[in-house]
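Structure first, then comments.
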Amino acid sequence: MKIASWNINSLRKRQDRLLAWLEGTRPDVVCLQETKCTDEQFPVLALQSAGYHSSYHGEKSYNGVAILSKEKPQDVRASLCNEVIDRQARVIAAKIDNLRLYSIYAPNGQAVGSPAYEYKLNWYMRLRDCLSKEKNRELIVCGDFNVAPEDIDVHDPMLWRGAIMCSDRERAAFRQLCDVGLIDTLRLHRQEGGLFSWWDYRMLSFPKNRGLRIDAVLANKSLAEKCTAAGIEREMRKGKEPSDHAPVWAEFNL
DNA sequence: ATGGTAGTTTGACTA
């Protein structure tokens, strides 16, 4: 079973790219972030024709998350546990093939110390509390975490030291999230540096490979033991009008 | 020290 996660940065803008990629790679599940479309605008029929069910939670202009799956999703939820649906569309969860799957889009945080930064850290605590209740399930949490977990996930750790997506409190929040029993699948198979999932559109970041690894597929321990491969589709950052993120993926022998 | 780009939307915000 191949599970991918991609911050698409506007689903309407990149629908054709998405469909071509689905056709070429046929993942079983795709978690999307920054769909930037309302539920009414979601291209359910085009994705159905491509062989995928859609579970989605969007809003106008910003954020928006979705799960595409070959298998029919069950028990779809568009909020953190026991909470009213957020004003910001950042979480959707579904049960697929007996796995509990989350597609999450963590707040960016804007600048260390800003109100948005505090919102981000608080959001991480809420997500952790929610996921801690899923403990005994087979669990996958995919998405744009907006945190580079370690220095090895950063092209220039000294330049980024203490900056947004790399600050100590953000990294601690990410670790505490993983402490509920989640494992970063990429690092099960790839330990080297230079593996990034996001490159700023500005300053020729991509050609210079000045990126960060802020997207991930996290799995609980028993699933992580069945993870046979993981990677990042760097090619998807190339070409005409790419997203600023590349898809990340993991394969499981279930 | 600044601004560089992109998406949504037409002014300004988010990233």
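None of the values given here were measured: they were computed from a predicted structure. Reminder, nothing fancy here: chain letters follow the sequence lines and each chain counts from 1.
Here the separation of B:dA1 from B:dC13, taken at their P atoms, is 25 Å to the nearest Å. The separation of B:dG3 from B:dA15, taken at their C1' atoms, amounts to 15 Å, rounded to a whole angstrom. Taking the C1' atoms as reference points, B:dT10 lies 16 Å from B:dA6, given to the whole Å.
Here B:dT5 presents its C1' atom at 16 Å from CH2 of A:Trp199, a figure rounded to the nearest Å. Computed from coordinates, the A:Ile214 CD1 to B:dT14 P distance equals 17 Å when rounded to whole Å. In this structure, CZ of A:Arg87 is placed 13 Å from C1' of B:dT14, rounded to the nearest angstrom. Atom CE of A:Met203 is separated from atom P of B:dA15 by 17 Å (rounded to the nearest Å). In this structure, CZ of A:Arg17 is placed 13 Å from C1' of B:dA6, rounded to the nearest angstrom. Straight-line distance from the CZ atom of A:Arg202 to the P atom of B:dA6: 11 Å, rounded to whole Å. Separating the CG atom of A:Asp244 from the C1' atom of B:dT5 is a distance of 9 Å, rounded to the nearest angstrom. Atom P of nucleotide B:dG4 and atom NZ of A:Lys208 are separated by 15 Å, given to the nearest angstrom.
Salt-bridge check for A:Arg100 with A:Asp75: passed, with a basic side-chain N closer than 4.0 Å to an acidic carboxylate O.
Distance from the side chain of A:Tyr201 is smallest to B:dA6 among B:dC13, B:dA6, B:dG4. Of the listed nucleotides (B:dT5, B:dT8, B:dA15), B:dT8 has the atom at the smallest distance from the side chain of A:Lys13.
As judged by a 4.0 angstrom heavy-atom cut-off over every strand, A:Gln110 is placed among residues touching the sugar-phosphate backbone only. A:Phe206 comes within 4.0 angstrom of no nucleic acid atom, judged by non-hydrogen atoms across all strands.
Between A:Tyr62 and A:Gln41, the one whose closest nucleotide on DNA chain B sits nearer the 5' end is A:Gln41. Each of A:Asp200 and A:Arg90 was assigned the nucleotide of DNA chain B with the nearest heavy atom; the assignment lying further toward the 5' end belongs to A:Asp200.
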Begin from the C-alpha positions of A:Val217 and A:Trp249 and carry the test side chain to side chain contact (heavy atoms under 4.5 Å, CB included) through to its verdict. CA-CA 7 Å; A:Val217 179; A:Trp249 57 271; 5.6 Å; no
Would A:Thr185 and A:Phe252 count as a side chain to side chain contact (heavy atoms under 4.5 Å, CB included) if you check the C-alpha gap in whole Å, the side-chain angles of each, and the deciding distance to 0.1 Å? CA-CA 10 Å; A:Thr185 55; A:Phe252 299 88; 4.1 Å; yes
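Here A:Arg12 does not reach the OP1 or OP2 of B:dG7: none of its side-chain N or O atoms lies under 4.0 Å away.
Atom CD of A:Glu150 sits in a sparse spot, with 12 or fewer heavy atoms from other residues, nucleotides or ligands closer than 6.0 Å.
Side chains of A:Ser103 and A:Gln33: a donor on one and an acceptor on the other come within 3.5 Å. Using a 3.5 Å distance cut-off with no hydrogens or angles, the side chains of A:Gln88 and A:Trp123 do not pair a donor with an acceptor.
Residue pairs meeting the side-chain hydrogen bond (donor to acceptor under 3.5 Å, both in side chains) criterion with at least one member in residues 211-223 of chain A, sequence neighbours excluded: A:Glu138-A:Asn220, A:Glu138-A:Ser222, A:Asp153-A:Arg213, A:Asp184-A:Arg213, A:Ser197-A:Asp215, A:Asp215-A:His245, A:Lys221-A:Glu225.
Rounded to the nearest 0.5 Å, atoms CD (A:Glu59) and NZ (A:Lys36) are 11.0 Å apart.
Taking every heavy atom of residues 30-40 of chain A and every atom of DNA chain B, pairs under 4.0 Å involve A:Lys36, by number.
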